[in-house]
Amino acid sequence: MYRLLSPSLARDLLRAAGRRCRVCPARLLPVPAEGRAPEVAVPPPRVASRGRGRGLLPLLAALAWFSGPAGADEEKERPEAAAEGAADEAEAEIIVLLKRAKLSIMKDEPEEAELILHDALRLAYQSGNKKAITYTYDLMANLAFIRGQLENAEKLLKATMSYLLGGGMQQEDNAIIEISLKLASIYAAQNRYRSKKNHLGCKQRTPLESYILGHEFALAGYEFCISTLEEKIEREKEIVEDILSVDEKANTHLLLGMCLDAYARYLLLSKYPSQAQRMYEKALHISEEILGETHPQTIVLMSDLATSLDAQGHLDEACFYVQRASDLARQTEHPELHMVLSNLAAILMHRERYAQAKEIYQEALKQAELKRDEVSIQHIREELAELSRKSRLLT
């Protein structure tokens with residue numbers, strides 16, 4: 001009866017760039033020169049088909065990561081100035097291509113974005129820009145994920161991780177954790193293991209065996225991210241600000257909150273509501289402490305925590321959290337107000353407050369129509385029909 005806000009796993013994957021964690025942008029750290037190139041071939045150019053994609057979100061991206069070209073006159077007099085100028089020129093062109101790719105994604109033109117990213121990747125290889133190579137692979141993986149090309153996204157992410165680790169990056173670095181979280185989300189989305197044979201070349205796995213392995217991979221991925229970040233945060237408590245800034249510590253906390261939230265969502269969808277509740281409570285505490293109670297992310301977590309409580313039959317607690325979330329969503333004009341209201345109405349219906357639930361559902365329907373959210377509109381209409389049926393049975 002209830003709905004998780006942002007039900008698509010793609011939203012979990014891309015949350016850091018959007019409304020849910022704006023102060024914690026994903027960034028690619030500098031890659032040492034000895035880093036190995038990802039073992040993924042650059043696809044040949046192709047003609048992009050026109051037309052809109054399926055509701056793509058902004059990529060997990062922060063494009064201002066290149067340093068600007070040196071402007072001092074004495075630099076231009078050095079013997080290597082011509083080479084540096086060429087590198088700066090290539091770098092500037094890559095930046096433009098990446099910005100164009102992001103714009104295409106925001107306009108729901110994924111095929112065009114893919115072509116542009118291939119151009120950026122070829123230019124990055126030609127200029128030997130390792131940061132650009134790794135960053136572009138990461139963007140391509142994000143794009144593949146939100147287009148539903150999960151196997152391709154997994155290959156790209158693994159190649160990127162291998163490149164970073166081969167270049168000396170530590171396993172606990174936030175960039176590695178972010179990639180691990182994406183991989184866990186891919187396993188959660190597939191919930192199956194794609195290899196037709198195991199490492200011994202034995203017979204093809206049964207659907208049940210594949211399901212169990214996929215589930216185990218997802219759980220292992222989420223738990224690795226969470227435990228690694230918790231240990232890292234504990235070690236960093238005593239590090240002075242001169243060595244590790246407050247913002248850097250906050251970003252690690254927010255990344256932990258993001259992992260807890262994604263894990264909670266998967267647990268709830270997998271019918272483990274009590275475990276999901278614990279994850280949501282931890283994520284909500286982090287969001288309230290760092291982002292504040294009125295932040296869109298905090299409001300979403302309140303509503304999702306209510307959903308996990310509702311699934312366990314803890315209706316009074318669920319109503320408390322979802323009512324608070326809906327009040328704050330109205331006050332702040334939350335972009336997913338209609339979904340928060342829909343969750344509130346569902347919990348009221350479970351408490352058999354049918355008249356109040358109907359009123360809230362109708363308000364949610366108006367908001368969904370204003371947003372032109374066809375999926376939510378259909379869901380709310382179905383809930384209203386169910387509510388009407390229940391009401392008739394009582395009369």
Side-chain angles (χ1 to χ4, degrees), residues 2-27 55-62 106 142 146 174 177-178 181-182 184-185 188 222 225-226 229-230 233 246-269 276-310 318 320-344 367 371 373 376:
Y2 54 80
R3 293 185 69 200
L4 284 175
L5 273 71
S6 304
S8 167
L9 280 166
R11 293 197 184 199
D12 292 329
L13 181 70
L14 302 175
R15 188 164 303 160
R19 53 170 177 75
R20 317 235 6 210
C21 192
R22 288 189 184 276
V23 300
C24 183
R27 62 197 184 284
L56 302 179
L57 296 174
L59 279 174
L60 187 60
M106 295 176 71
N142 290 337
I146 57 180
N174 285 3
I177 300 298
E178 287 173 2
L181 176 60
K182 294 174 190 179
S185 296
Y222 288 128
C225 293
I226 291 167
L229 286 170
E230 286 178 338
I233 288 169
V246 173
D247 285 345
E248 287 176 305
K249 290 183 179 180
N251 282 345
T252 301
H253 277 81
L254 288 170
L255 181 56
L256 173 59
M258 183 176 165
C259 294
L260 289 164
D261 184 11
Y263 190 25
R265 189 177 305 276
Y266 178 64
L267 288 169
L268 191 54
L269 291 172
Q277 177 192 339
R278 290 195 291 273
M279 298 300 112
Y280 275 132
E281 287 171 344
K282 292 180 180 179
L284 178 60
H285 175 74
I286 291 171
S287 189
E288 286 179 327
E289 185 176 351
I290 297 179
L291 302 176
E293 188 182 45
T294 60
H295 192 277
Q297 166 70 1
T298 305
I299 295 169
V300 165
L301 286 168
M302 283 183 193
S303 182
D304 287 349
L305 173 58
T307 296
S308 68
L309 291 163
D310 182 51
F320 169 80
Y321 280 107
V322 77
Q323 185 67 64
R324 181 59 180 155
S326 61
D327 290 344
L328 291 169
R330 287 190 183 101
Q331 293 170 20
T332 59
E333 298 182 354
H334 196 285
E336 290 186 352
L337 171 61
H338 58 292
M339 296 184 72
V340 178
L341 292 172
S342 179
N343 282 354
L344 171 60
Q367 292 293 329
K371 292 287 184 180
D373 184 344
S376 292

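Nearest approach of Ser376 to Met339, heavy atoms of both residues: OG-CG, 3.9 Å. Contact between Ala325 and Ser303 at its shortest, heavy atoms only, is CB-N, 3.9 Å. When all heavy atoms are compared, the tightest approach of Leu344 to Ser326 is CD2-OG, 3.5 Å. Here the shortest heavy-atom pairing between Pro296 and His334 reads O-NE2, 3.1 Å. Closest non-hydrogen pair, Val322 versus Val340, comes out as CG2-O, 4.1 Å. Nearest heavy atom pair, residue Ala276 against residue Ala264, reads CB-O, 3.4 Å.
In this view, Glu289 and His285 satisfy the side-chain hydrogen bond (donor to acceptor under 3.5 Å, both in side chains) rule, not counting sequence neighbours.
The CD atom of Glu288 lies 10.5 Å from the CD1 atom of Ile299; values are rounded to the nearest 0.5 Å. Note that OG1 of Thr298 is 10.0 Å distant from CD1 of Ile290, once rounded to the nearest 0.5 Å. Between the OH atom in Tyr222 and the CZ atom in Arg265 there is a gap of 9.5 Å [rounded to 0.5 Å]. With values rounded to the nearest 0.5 angstrom, His338 atom NE2 is found 10.5 Å from Asn343 atom CG. In this structure, CG in Leu181 is found 8.0 Å from CD in Glu178, a value given to the nearest 0.5 Å.
You'll find the side chain of Gln331 stays beyond 4.5 Å of the side chain of Thr294, heavy atoms only. Counting only heavy atoms from C-beta outward, the side chains of Leu341 and Arg330 approach each other to under 4.5 Å. At least one side-chain heavy atom of Met302 sits less than 4.5 Å from a side-chain heavy atom of Leu328. Residues Asn142 and Lys182 meet the side-chain proximity criterion, which asks for heavy atoms closer than 4.5 Å. Side-chain contact check for Gln297 versus Asp261: some heavy-atom pair is nearer than 4.5 Å.
Just one of Leu309, Leu267, Leu301, Leu260 meets the side-chain contact (heavy atoms from CB on, under 4.5 Å) condition when paired with Tyr280; it is Leu301. Among Thr252, Leu256, Leu255, the single residue meeting the side-chain contact (heavy atoms from CB on, under 4.5 Å) criterion with Ile177 is Leu255.
For the 3.5 Å distance criterion, the side chains of Asp327 and Gln323 qualify, holding a donor opposite an acceptor.
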* Tell me, with the steps shown, if Leu229 and Asn174 meet side-chain contact (heavy atoms from CB on, under 4.5 Å). => CA-CA 8 Å; Leu229 286 170; Asn174 285 3; 3.9 Å; yes
* Run the side-chain contact (heavy atoms from CB on, under 4.5 Å) check on Glu293 and Arg324 step by step: do they pass? -> CA-CA 10 Å; Glu293 188 182 45; Arg324 181 59 180 155; 2.8 Å; yes
